[in-house]
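The structure appears right after this line, and notes come after that.
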Amino acid sequence: MCLFCKIIKGEIPNKTVLEDEQFLAFEDINPQAKIHVLIIPKIHVDSFNEISSELMKDITSFIQKVAATLGVKEKGYRLITNIGQDGGQEVKHIHFHLLAGEQLGALV
Ligand code: AMP
């Protein structure tokens, strides 16, 4: 079982920000910004390459709720999903990094 599936099952503790039947948002253990939250579906999907458009639609609404819960919707935030080896994906369970709480440096 993958690391994030263990977190979903409660076998590894997490600091939950928001949760519903389909998704979990929790604090990244090694934050890269003042606010760094990971958002994952509870069903295992390897990466963005495999996510269905239906699940993508639902996770979009959930991510927007997470941003509202964190109070960062107005000031802004960055959303990242790493895909595969060249994309720097370490955990093979799709996750969106939500980074916020400060002015982030330009990436592109
Ligand atoms: P990625 O490199 O896109 O696969 O991101 C994996 C992320 O998972 C990294 O930012 C890690 O800091 C984070 N991470 C790894 N283990 C844990 C954990 N137990 N709880 C919270 N975040 C974790």
Side-chain angles (χ1 to χ4, degrees):
M1 190 187 300
C2 87
L3 177 70
F4 288 172
C5 284
K6 286 182 183 165
I7 287 178
I8 290 158
K9 285 192 81 177
E11 291 175 7
I12 296 173
N14 77 89
K15 291 187 179 167
T16 299
V17 171
L18 192 68
E19 183 173 13
D20 69 9
E21 285 169 17
Q22 284 185 289
F23 306 108
L24 176 67
F26 58 102
E27 292 179 13
D28 195 292
I29 206 167
N30 181 25
Q32 301 300 307
K34 283 185 183 160
I35 295 172
H36 187 170
V37 169
L38 299 174
I39 298 148
I40 62 175
K42 291 186 176 177
I43 61 160
H44 182 90
V45 175
D46 281 351
S47 81
F48 183 79
N49 279 338
E50 289 80 22
I51 195 167
S52 67
S53 47
E54 291 78 15
L55 194 57
M56 196 62 202
K57 174 175 161 285
D58 292 344
I59 203 168
T60 296
S61 300
F62 184 76
I63 291 168
Q64 290 166 348
K65 283 183 200 152
V66 173
T69 300
L70 292 167
V72 301
K73 264 189 118 167
E74 302 309 319
K75 285 203 85 177
Y77 54 97
R78 181 171 294 158
L79 206 55
I80 297 171
T81 186
N82 295 325
I83 303 155
Q85 188 177 325
D86 281 4
Q89 183 181 5
E90 287 176 8
V91 180
K92 306 295 185 270
H93 182 131
I94 188 173
H95 50 282
F96 291 86
H97 297 258
L98 189 159
L99 300 159
E102 60 187 299
Q103 180 69 61
L104 301 166
L107 285 179
V108 286

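Each ligand, and each atom within it, is numbered from 1 in the order the structure gives.
- The salt bridge (Lys or Arg N to Asp or Glu O under 4.0 Å) check on Glu90 picks up nothing, with sequence neighbours excluded.
- The aromatic rings of Phe4 and His95 lie perpendicular to each other, with more than 60° between the two planes, well past the 30° mark.
- Although no hydrogens or angles enter the test, the distance criterion places no donor-acceptor pair under 3.5 Å between the side chain of His93 and the main chain of Lys42.
- Defined by atom type and a distance below 3.5 Å, a donor-acceptor pair is present between the side-chain atoms of Glu50 and Ser47.
- Between His97 and His36, the ring-plane angle classifies as tilted under the 30° and 60° cut-offs.
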Contacts table for ligand 1: protein N or O within a distance under 3.5 Å of ligand N or O, distances only.
unit_1   : atom_1 : unit_2 : atom_2 : d
ligand 1 : 2 (O)  : Gly88  : O      : 3.1
ligand 1 : 2 (O)  : Glu90  : N      : 3.4
ligand 1 : 3 (O)  : Asn82  : ND2    : 2.8
ligand 1 : 3 (O)  : His95  : NE2    : 2.7
ligand 1 : 3 (O)  : His97  : NE2    : 2.9
ligand 1 : 4 (O)  : Glu90  : N      : 2.7
ligand 1 : 4 (O)  : Val91  : N      : 2.9
ligand 1 : 4 (O)  : His95  : NE2    : 3.0
ligand 1 : 5 (O)  : His95  : NE2    : 3.1
ligand 1 : 5 (O)  : His97  : NE2    : 3.3
ligand 1 : 10 (O) : Asp28  : OD1    : 3.3
ligand 1 : 10 (O) : Asp28  : OD2    : 2.5
ligand 1 : 12 (O) : Asp28  : OD1    : 2.5
ligand 1 : 22 (N) : Ile29  : N      : 3.1

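- For the side-chain contact (heavy atoms from CB on, under 4.5 Å) criterion with Leu104, the lone passing option out of Gln32, Lys34, Arg78 is Arg78.
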